[in-house]
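So that the names make sense, note that chain A is the first sequence line, chain B the second, and so on, each numbered from 1. All heavy atoms count here, side chains included; hydrogens, waters and symmetry mates do not.
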There are 2 protein chains.
Amino acid sequence: MKLVKIYECLCDETRLRLLNLLLQGPLCVCHLQAVLGESQVKVSKHLGYLKVRGLVTASRQGNWMIYALPAPANRSSELEANLACLQDCVQENAVLKSDLAKLKKLDLACAPVAAVRGTGRSIGCC
Amino acid sequence: MKLVKIYECLCDETRLRLLNLLLQGPLCVCHLQAVLGESQVKVSKHLGYLKVRGLVTASRQGNWMIYALPAPANRSSELEANLACLQDCVQENAVLKSDLAKLKKLDLACAPVAAVRGTGRSIGCC
DNA sequence: GATCTATATTCCAATAAAGGAATGTAGTTG
DNA sequence: CAACTACATTCCTTTATTGGAATATAGATC
């Protein structure tokens, strides 16, 4: 059952926090790491977990890995529904809200991501 | 994070199937067991898991235990959102759809539940 | 090419989850 | 009260998950 796989991805706090941040757009690992304040291994492993199960995609940009949610066209209806549901739940959740606030403060645009978009330089990220 | 607890409940196929059935209304264990076709221990343990975490309530009716989702007034907004999301996802899911079909065939009203409602006799369930 | 940065992977230990077999228990019926 | 029904719980084994320490790797820079 594919649906269970989605819930397996959502049932860990770290992964929930990562997905919450990625709902704002693509981000490099170091930004994710900085916002969560968790160890490199922990963040990397959970991103790997999500990637294997197709909840995120990864692409390399120089030294940085950019993680993102699958493009809307590539999301199953179950995934779409659950991402929307998650977004609805963010407001009730102190940790998730605080993460979003930290992300905004960190740098409006993640440098590597900005480079991908062609709207920024890719020097120095975290 | 309360939200994670909800996802922990949803991330197992058996529990997902149980919740899916309970979205139709209260049911006794033997009906749940009959629809799932799983062992008594397995069903009972997962119901216990859900009960401890507040996703279902249980009440005794004679020999039978009636499980139900919490009354809408007692559902957190996160739970409400996720139950709605789950219901949206049922259509995409063969197992969940098939379970609902089996439930309807089994007996339109679960005998113990009917007894609770005062609309049926409570003799013989499964 | 040595070094640095950003990230992934391997190895390992601790903890949790899943489910069967057997047993216990609450309430019912004869 | 003995037997039965419907569930729950305990004990145990297998397997999965989590995360740290250490190490590896890819690409950039000097």
Exercise for the section: Would you classify Q40(B) as touching base, sugar-phosphate or nothing, given that sugar-phosphate means primed atoms plus P, OP1 and OP2, and contacts are heavy atoms under 4.0 Å? Expected result: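 Base contact - Q40(B) has a heavy atom under 4.0 Å of at least one base atom.
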Rounded interatomic separation in angstrom, taking [atom1] from [X] and [atom2] from [N]:
{"X": "Y7(A)", "N": "dA17(C)", "atom1": "OH", "atom2": "P", "value": "19 Å"}
{"X": "E8(B)", "N": "dA17(C)", "atom1": "CD", "atom2": "P", "value": "7 Å"}
{"X": "L50(B)", "N": "dA17(C)", "atom1": "CG", "atom2": "C1'", "value": "14 Å"}
{"X": "H31(B)", "N": "dC7(D)", "atom1": "NE2", "atom2": "P", "value": "10 Å"}
{"X": "W64(B)", "N": "dA8(D)", "atom1": "CH2", "atom2": "C1'", "value": "18 Å"}
{"X": "L36(A)", "N": "dG19(D)", "atom1": "CG", "atom2": "C1'", "value": "14 Å"}

Practice task
Find which nucleotide of DNA chain D each of E38(A) and A58(B) is nearest to by heavy atoms, and output the residue with the more 5' nucleotide.
Solution key: A58(B)
Practice task
By nearest nucleotide on DNA chain D, pick out whichever of R60(A) and C11(A) is the more 5' one.
Solution key: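 Residue closer to the 5' terminus by nearest nucleotide: C11(A).
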Measure from the side-chain heavy atoms of [X] and tell me the nearest of [options].
{"X": "K45(B)", "options": "dA6(D), dT9(D), dC11(C)", "value": "dT9(D)"}
{"X": "Y67(A)", "options": "dC7(D), dA18(C), dA8(C)", "value": "dA8(C)"}
{"X": "K42(B)", "options": "dT18(D), dG19(D), dG19(C)", "value": "dG19(C)"}
{"X": "S39(B)", "options": "dA18(C), dG20(C), dG19(D)", "value": "dG20(C)"}
{"X": "Y49(A)", "options": "dG19(C), dA22(D), dT18(D)", "value": "dT18(D)"}
{"X": "N63(A)", "options": "dG19(D), dG27(D), dA22(C)", "value": "dG27(D)"}
{"X": "C28(B)", "options": "dC7(D), dT7(C), dG19(D)", "value": "dC7(D)"}
{"X": "V41(A)", "options": "dT7(C), dC7(D), dA21(D)", "value": "dA21(D)"}

Exercise for the section: Could you state whether Y49(A) and L79(A) fall into the same hydrophobic cluster, counting links through intermediate Ile, Leu, Val, Met, Phe, Trp or Tyr residues with side-chain heavy atoms under 4.5 angstrom apart? Expected result: no
Practice task
Can you measure from OH (Y7(A)) to CD (E13(B)) and round to the nearest 0.5 angstrom?
Solution key: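 Output value for this atom pair is 13.0 Å.
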Problem - Separation between SG of C9(B) and NZ of K51(B), rounded to the nearest 0.5 Å - result: 14.0 Å
Practice task
Show the numbers, then the answer: is there a salt bridge (Lys or Arg N to Asp or Glu O under 4.0 Å) between E92(A) and K2(B)?
Solution key: CA-CA 10 Å; E92(A) 321 284 335; K2(B) 206 171 40 172; over 6 Å; no
Handout entry: Minimum side-chain heavy-atom gap V95(B)-D99(B) below 4.5 Å
Key =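 Of all side-chain heavy-atom pairs linking D99(B) with V95(B), at least one is under 4.5 Å.
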Handout entry: dC7(D) phosphate, OP1 or OP2, under 4.0 Å from S44(B) side-chain N/O
Key =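 Checking S44(B) against dC7(D): no side-chain N or O falls below 4.0 Å of OP1 or OP2.
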Practice task
Ignoring backbone atoms, test whether H46(A) places a side-chain nitrogen or oxygen under 4.0 Å from the OP1 or OP2 oxygen of dG19(D).
Solution key: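 It does, given that an N or O in the side chain of H46(A) lies less than 4.0 Å from OP1 or OP2 of dG19(D).
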